[in-house]
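Since the structure comes first, as structure tokens, the remarks are kept for the end.
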Amino acid sequence: MYVQAQSMFDTDMYLQLLGAMRLVVKGSKVPSDLDTEIGILPPLQRTILEIIPLLRPSDSFSSEWDLLLRELLFFLLSSEVPAERSKNEESNTGINNGQGGAANSSFILTKDYQIKSKNDVPDVSVSTCIKVVQPPSMPSSEVSSCDTPICNWNHLFMEKLMPVIVELFLEAPPSEKCSIFPEVIKALGRCMNTRRDNPKGSLWRLAVEIFNRVLIHDLMVDTNNIKLDAHMYRHARTRIWKEIADVYDIFLIGSCGRALSFDGTLEALKADEMIEMNVLNVLSDMILEAQTDAPVEILQRLVSTLDLCVSRTGCLPIDRLELMPSHCSRFSLSCLEIMFSLCRFSFEDDWPPARSTISTVSINILIKRCEIILKQFLSDENDLGDLPLPAVRTNETIYVLQALARLHIHSETAFVLNLPAHLKETIKTNEACASNAHLLILFPSFCELVVSREARVRELVQVLLRLVAGALDLQVRS
């Protein structure tokens with residue numbers, strides 16, 4: 001009826017339609033059985049997935065895109081209050097951000113399957129089991145368990161629902177999309193985090209793929225057509241970046257580069273490792289090294305997340321390093337490579353403000369991590385005596401020394417380093433000193449490593465000490 005007569009629907013009727021949809025979706029919840037285990041949805045759920053795309057709000061009430069998407073996101077491992085209750089709470093506290101119309105006409109589903117609105121109009125029967133009445137809204141304490149979050153949905157239904165939600169999200173008007181964007185990111189993050197408990201599941205893999213797609217195709221979208229005042233737009237973007245940082249923080253630290261229980265094939269393990277690398281590449285290329293409006297504190301948090309991933313190998317006792325799966329150390333090393341790339345400067349490159357910002361944010365975190373790695377290597381070597389170090393520790397240290405020798409930084413980046421005042425004055429006039437200023441910070445660590453038993457480490461330290469001499473304009477005589 002809605003598809004054939006959209007022009008006859010007003011906002012209240014559309015809200016009643018969404019209420020009916022919610023009851024049908026909730027009623028379709030079934031316990032896990034053989035059909036869902038082998039990848040077959042029940043007929044009712046298949047029909048729901050076909051109908052949902054037809055519920056796009058018409059142009060006459062396009063502001064309801066937000067409510068439609070919130071209703072659908074509620075069924076993706078939701079731990080949030082449903083859309084209409086959230087909006088009523090916002091209305092009661094005065095936090096509505098100019099969208100009071102939608103909130104004032106929102107409804108509450110009670111245990112009697114009634115839809116209650118603030119407008120006092122006669123009862124209208126929606127179906128034999130859904131009664132629509134219009135008394136004043138009731139307190140949230142009277143909302144029954146019918147509105148509690150869905151916790152037991154089979155993952156197959158969510159896997160099919162997720163692409164439908166994202167397609168609707170991408171079709172939404174720019175202003176409505178900006179408003180709901182944080183909730184979409186949060187819902188995808190919840191699905192991504194199912195990897196921790198179910199590493200063999202496909203829900204987290206699909207969520208990661210869609211998360212990357214949304215960031216690539218929508219985060220950098222032109223904002224000229226978004227009809228929001230400047231304050232509301234900044235607030236919305238801040239919420240978006242906060243949710244993005246949350247997702248990366250929880251997923252990268254909690255689920256990536258971990259020795260998760262998994263009895264799959266070698267090909268499956270490699271595929272999962274590739275997914276992790278794709279997440280890191282999107283983070284590096286589309287956010288950290290791109291021209292974005294991410295606040296500085298968000299950039300600091302994301303770089304710190306990478307740093308925590310790098311720190312895993314150093315946190316492990318020496319006797320457990322040999323037991324760590326190889327993909328774990330490769331993931332940590334990939335995070336370290338990204339941190340080096342964030343600080344790298346080439347004289348042939350442009351140096352836009354965004355590159356300057358991320359470089360100055362990252363450099364001190366990177367240098368501190370390098371110092372910790374070098375000290376840990378020396379400490380482990382002393383503790384083991386004549387015994388060889390685990391290959392993981394040696395390879396990590398050799399990579400750090402090689403990367404430091406290749407790294408050149410911009411003078412703006414060098415100024416944020418914790419150097420004595422007279423060296424900062426030298427940086428202003430000596431380009432060679434500025435580009436290798438990071439080595440001056442680590443000079444004491446290099447001096448300690450000259451007695452290392454590892455020949456390759458001693459060779460690299462010699463190279464680095466020569467670079468330090470060059471930065472200080474000291475002539476090294478052969």
Side-chain angles (χ1 to χ4, degrees), residues 2-3 6 14 17-18 21-22 25 46 48-78 80 83 97 99 102 157-192 202-228 232-233 235-248 251 275 278-279 281-283 285-287 290-294:
Y2 174 72
V3 172
Q6 283 193 13
Y14 185 74
L17 175 63
L18 294 186
M21 177 199 70
R22 173 187 285 186
V25 174
R46 292 200 300 269
I48 290 170
L49 293 171
E50 294 174 359
I51 290 175
I52 286 176
L54 304 177
L55 301 182
R56 299 174 179 85
S58 66
D59 294 340
S60 58
F61 42 88
S62 61
S63 61
E64 299 309 321
W65 273 98
D66 182 275
L67 185 59
L68 169 63
L69 291 169
R70 288 180 187 274
E71 289 285 339
L72 297 177
L73 291 172
F74 183 60
F75 299 107
L76 290 181
L77 293 176
S78 178
E80 303 297 320
N97 291 334
Q99 297 182 359
F157 179 73
M158 287 189 285
E159 289 173 27
K160 304 297 183 183
L161 179 62
M162 203 185 313
V164 174
I165 295 175
V166 172
E167 289 299 329
L168 287 171
F169 166 73
L170 295 177
E171 293 179 20
S175 57
E176 300 301 323
K177 190 187 299 183
C178 186
S179 174
I180 197 63
F181 204 156
E183 306 305 325
V184 173
I185 295 296
K186 184 186 297 184
L188 291 174
R190 287 194 295 267
C191 295
M192 291 164 63
S202 55
L203 179 65
W204 72 267
R205 295 181 176 89
L206 178 62
V208 169
E209 178 184 344
I210 293 178
F211 177 76
N212 288 338
R213 176 192 170 194
V214 168
L215 293 189
I216 292 172
H217 295 289
D218 209 71
L219 184 64
M220 310 298 293
V221 71
D222 183 15
T223 59
N224 292 330
N225 296 325
I226 297 182
K227 298 179 180 178
L228 293 174
M232 291 180 62
Y233 176 74
H235 176 70
R237 294 294 290 185
T238 300
R239 289 183 58 228
I240 291 171
W241 284 116
K242 188 264 183 188
E243 295 299 338
I244 290 174
D246 285 347
V247 170
Y248 278 119
F251 184 68
I275 291 175
N278 287 338
V279 172
N281 290 336
V282 171
L283 171 60
D285 299 340
M286 302 304 301
I287 297 179
Q291 300 283 339
T292 68
D293 59 345

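All residue numbers in this chain count up from 1 along the given sequence.
Note: Asp293 CG to Trp241 CH2 = 6.0 Å, rounded to the nearest 0.5 Å. Taking CD of Glu71 as the start and CG of Leu17 as the end, the distance is 10.5 Å to the nearest 0.5 Å. The structure places CG of Leu206 at 9.0 Å from NZ of Lys160, a figure rounded to the nearest 0.5 Å. With rounding to the nearest 0.5 Å, the separation of SG in Cys178 from CE in Met232 is 9.0 Å. To the nearest 0.5 angstrom, Ile240 atom CD1 is 10.5 Å from His235 atom NE2. Distance CG/Leu215 to CG/Leu283: 9.0 Å, rounded to 0.5 Å.
For the pair Leu170 and His217, the minimum side-chain heavy-atom distance is 4.5 Å or more. For the pair Asn212/Met286, no side-chain contact is recorded, criterion being any heavy-atom separation below 4.5 Å from C-beta on. Arg70 is listed as a side-chain neighbour of Asp66, based on a closest heavy-atom distance under 4.5 Å. Side chains of Cys191 and Val208 form no contact here, defined as non-hydrogen atoms less than 4.5 Å apart.
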Residues Met162, Leu188; criterion side-chain contact (heavy atoms from CB on, under 4.5 Å); working and verdict: CA-CA 8 Å; Met162 203 185 313; Leu188 291 174; 3.6 Å; yes
Verdict with supporting geometry, Asp246 and Glu243, side-chain contact (heavy atoms from CB on, under 4.5 Å): CA-CA 5 Å; Asp246 285 347; Glu243 295 299 338; 3.9 Å; yes
Full working for side-chain contact (heavy atoms from CB on, under 4.5 Å) between Ile52 and Leu168: CA-CA 9 Å; Ile52 286 176; Leu168 287 171; 3.9 Å; yes
Tyr2 and Tyr14: CA distance, side-chain angles, deciding distance, ring-ring contact (aromatic ring centres under 6.0 Å, His included) verdict: CA-CA 9 Å; Tyr2 174 72; Tyr14 185 74; 5.6 Å; yes
Verdict with reasoning, Phe157 to Phe75, per ring-ring contact (aromatic ring centres under 6.0 Å, His included): CA-CA 9 Å; Phe157 179 73; Phe75 299 107; 7.6 Å; no
Lys177 vs Glu183, salt bridge (Lys or Arg N to Asp or Glu O under 4.0 Å): CA-CA, chis, key distance, verdict: CA-CA 10 Å; Lys177 190 187 299 183; Glu183 306 305 325; over 6 Å; no
Derivation and outcome, side-chain contact (heavy atoms from CB on, under 4.5 Å), residues Leu73 and Val184: CA-CA 7 Å; Leu73 291 172; Val184 173; 4.0 Å; yes
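Between Leu55 and Leu68, the shortest heavy-atom distance links the atoms O-CD2, 3.6 Å. Heavy-atom minimum distance, Met192 versus Ala207: CG-CB, 3.6 Å. A pairwise comparison of heavy atoms in Val282 and Ile216 identifies CG2-CD1, 4.1 Å as the closest pair. Taking both residues in full, the closest heavy atoms of Leu76 and Arg190 are given as O-NE, 3.4 Å, listed atom of the first, atom of the second, then distance. Contact between Val279 and Phe251 at its shortest, heavy atoms only, is CG2-CE2, 4.1 Å. Among all heavy-atom pairs drawn from Glu159 and Leu203, the shortest one is OE2-N, 3.5 Å.
Two rings, from Phe181 and Phe169, have their centers less than 6.0 Å apart.
Looking at Ser63 and Glu176, their side chains never bring a donor and an acceptor atom within 3.5 Å of each other.
By the 6.0 Å and 45° rule, Arg22 stacks over the aromatic ring of Phe74.
With Arg56 as reference, Glu171 is the one residue of Glu171, Glu167, Glu64 to meet the salt bridge (charged side-chain N to carboxylate O under 4.0 Å, His left out) rule.
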